[in-house]
Colleague: 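This is the structure I have questions about; it appears just below.
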Amino acid sequence: MQSPIHVTSEIGKLKTVMLHRPGKEIENVYPEILHRMLVDDIPYLPIAQEEHDLFAQTLRDNGAEVLYLEDLLTDALANDNIKDEFLEKIIAESGYAAGAIHDGLKEFLLSFSTKDMVNKIIAGVRKDEIKTKYASLAELAEDKDYPFYMDPMPNAYFTRDQQACIGDGITINRMTFKARQRESLFTEYIIKHNKRFADKGVEVWRNRYPEGRIEGGDELVLSDHVLAIGISQRTSAKAITELAESLFEKSDYDTVIAIHIPHNHAMMHLDTVFTMINYDQFTVHPAILRDGGHVDAYIMHPGNNGEISITHETNLKEILKKALDKPEIDLIPTGGGDPIIAPREQWNDGSNTLAIAPGVVVTYDRNYVSNDLLRKHGILVHEVRSSELSRGRGGPRCMSCPIVREDLKK
Ligand SMILES: NC(=O)NCCC[C@H](N)C(=O)O
């Protein structure tokens with residue numbers, strides 16, 4: 001049976017992609033919680049939505065089917081029993097497994113249509129929106145001034161991270177920070193219960209329950225047998241090992257390149273500093289390269305007796321040449337490598353390009369130095385508006401989860 005998920009590269013023509021249109025969750029962020037919510041500023045919602053609609057239209061204009069996370073989840077919850085089970089889980093993961101607040105939240109959320117309920121869960125539930133029949137002292141007195149029972153999910157529009165499609169399967173991710181952990185429960189329900197995916201042979205390479213942390217921004221599908229993964233602020237060596245074991249056992253993937261990157265907010269995932277844009281071309285933020293273009297990379301292959309063999313290599317170009325079987329690799333530096341322009345444009349996701357076909361990318365318009373350089377290297381660049389979307393600290397790759405891409409010609 002043909003899986004509804006099929007992604008064997010970063011660059012094959014994009015056929016189907018999942019997005020989330022930013023909603024009220026953006027307006028439930030205020031300065032005191034910015035840091036914990038993993039954003040650096042508060043986007044102006046009407047403009048963020050306009051920009052996001054233009055991004056989605058750019059993808060459609062180039063032949064991609066755009067699916068929205070909120071619609072996929074709504075359809076997955078069509079059956080009342082599944083909706084009830086989902087509500088129990090999301091309320092428990094929000095901190096209320098039982099009790100008056102649990103009951104109040106459930107009654108409140110069930111008063112909406114399923115679509116509005118999904119949007120409400122993403123937006124967050126304020127304390128003054130529900131009435132509880134009885135509240136314990138802890139519920140009344142602890143965190144009295146905190147306004148939410150259910151926190152908003154302002155990062156939900158970065159649909160890259162909650163999961164990642166690899167080959168005919170998916171990783172449903174255990175995310176690092178509390179602010180994002182509930183988001184991958186949505187993916188679990190979509191894969192299990194949305195008719196497009198349920199019982200259609202989708203392999204789950206790794207689900208959200210093992211201990212190791214992993215996020216899709218670190219998972220780069222370089223080919224039909226090579227995966228690159230960031231060892232980063234968001235993805236641990238443990239999760240990478242578990243994923244490699246699963247892929248080597250169950251899929252055609254035989255190479256996992258784990259690349260160590262700085263562990264900080266500006267470079268939280270591998271795709272904030274390194275993306276594939278053509279058969280032999282990549283964007284790279286110069287700050288991850290030591291003299292002579294070196295990184296710390298660990299190349300993993302299936303070894304003997306189910307073990308994994310690991311070699312340490314450092315020359316990024318050589319690693320990529322070998323993994324992709326190419327005579328040369330063009331590494332295009334963000335901001336031309338300038339000491340001010342490169343970090344400025346990287347901060348606003350100048351390295352975070354989304355390839356929609358080999359040599360064709362979508363980027364933020366604000367990173368004009370990097371965009372011009374891409375053009376000079378022969379890349380076709382579709383720029384999208386980015387004043388507000390970029391405030392969430394993610395770019396076009398972060399905002400998209402490819403579900404189907406065309407295979408590359410061999
Ligand atoms: N793949 C990505 O780099 N996604 C960007 C996620 C930004 C979001 N504010 C976060 O910190 O998780």
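Atoms within each ligand, like the ligands themselves, are counted from 1 in listed order. Note that the coordinates shown come from a computational prediction; the quantities given were computed from them, not determined experimentally. Numbering starts at 1 and runs along the sequence shown.
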Colleague: What pair of heavy atoms forms the shortest contact from Leu105 to Ile130, and how long is it?
Modeller: N-CD1, 3.7 Å
Colleague: Show which atoms of ligand 1 fall inside a sub-4.0 Å distance from at least one heavy-atom site of Thr272.
Modeller: 3 (O)
Colleague: Are side-chain N/O atoms of His6 and Asp168 paired as donor and acceptor at under 3.5 Å?
Modeller: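 His6 vs Asp168: donor-acceptor pair found between side chains.
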Colleague: Taking distance alone, with no angle check, do Arg393 and ligand 1 share an N/O pair under 3.5 Å?
Modeller: no
Colleague: Mark up the atoms of ligand 1 that fall under 4.0 Å of a heavy atom belonging to Asn155, in ascending order.
Modeller: 8 (C), 9 (N), 10 (C)
Colleague: With a cut-off of 4.0 Å, which atoms of ligand 1 are near a heavy atom of Gly392?
Modeller: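 In order of number, 7 (C), 8 (C), 9 (N).
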Colleague: Show your reasoning for whether side chain to side chain contact (heavy atoms under 4.5 Å, CB included) applies to Val204 and Arg206.
Modeller: CA-CA 5 Å; Val204 178; Arg206 189 174 181 280; 5.8 Å; no
Colleague: For ligand 1, is any non-hydrogen atom under 4.0 Å from Arg397's backbone (N, CA, C, O), its side chain (CB onward), both, or neither?
Modeller: neither
Colleague: I'd like to check which ligand 1 atoms, numbered from 1 as shown, lie under 4.0 Å from a non-hydrogen atom of Gly217.
Modeller: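 Checking each atom against Gly217, I get 1 (N).
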Colleague: Using the ring centroid of each side chain, check whether His312 and Tyr298 are separated by less than 6.0 Å.
Modeller: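 Between Tyr298 and His312, which both carry aromatic rings, the centre distance is below 6.0 Å.
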Colleague: Is there a polar contact, in the sense of an N or O pair closer than 3.5 Å, between Leu38 and ligand 1?
Modeller: yes
Colleague: Checking a contact table here: which protein heavy atom is nearest atom 1 (N) of ligand 1, and how many Å away?
Modeller: Asp161 OD1, 2.9 Å
Colleague: Identify, by atom number and element, the atoms of ligand 1 in contact range of His269, meaning under 4.0 Å from any of its heavy atoms.
Modeller: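 What qualifies from ligand 1 is 1 (N), 2 (C), 3 (O), 4 (N).
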Colleague: Do ligand 1 and Arg160 have nitrogen or oxygen atoms that lie under 3.5 Å from each other?
Modeller: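 Between Arg160 and ligand 1 (N or O atoms, distance only) the closest approach is not under 3.5 Å.
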Colleague: Quick one: are Phe274 and Thr283 in side-chain contact, heavy atoms under 4.5 Å?
Modeller: no
Colleague: Counting only nitrogen or oxygen atoms and a 3.5 angstrom limit, does Arg180 reach ligand 1?
Modeller: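 Checking ligand 1 against Arg180, an N or O pair does fall under 3.5 Å apart.
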Colleague: State, without any angle test, whether His20 and Glu25 hold a side-chain donor-acceptor pair at a distance under 3.5 Å.
Modeller: yes
Colleague: Counting from 1, what ligand 1 atoms have a heavy atom of Cys398 closer than 4.0 Å?
Modeller: 1 (N), 2 (C), 3 (O), 4 (N), 5 (C)
Colleague: Kindly say whether Ala123 contributes a backbone atom to a donor-acceptor pair with the side chain of Asn28 at under 3.5 angstrom?
Modeller: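 Between the backbone of Ala123 and the side chain of Asn28 there is a qualifying donor-acceptor contact (under 3.5 Å).
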Colleague: According to side-chain contact (heavy atoms from CB on, under 4.5 Å), who are the partners of Pro302, at least two apart in sequence or on a separate chain?
Modeller: Phe248, Asp254
Colleague: Just which atoms of ligand 1 are under 4.0 Å from any heavy atom in Asp271?
Modeller: 1 (N), 2 (C), 3 (O)
Colleague: Could you list which atoms of ligand 1 come closer than 4.0 Å to a heavy atom of Arg234?
Modeller: 10 (C), 11 (O), 12 (O)
Colleague: For Ala244 and Met300, work out which heavy atoms get closest and say how close.
Modeller: CB-CE, 4.1 Å
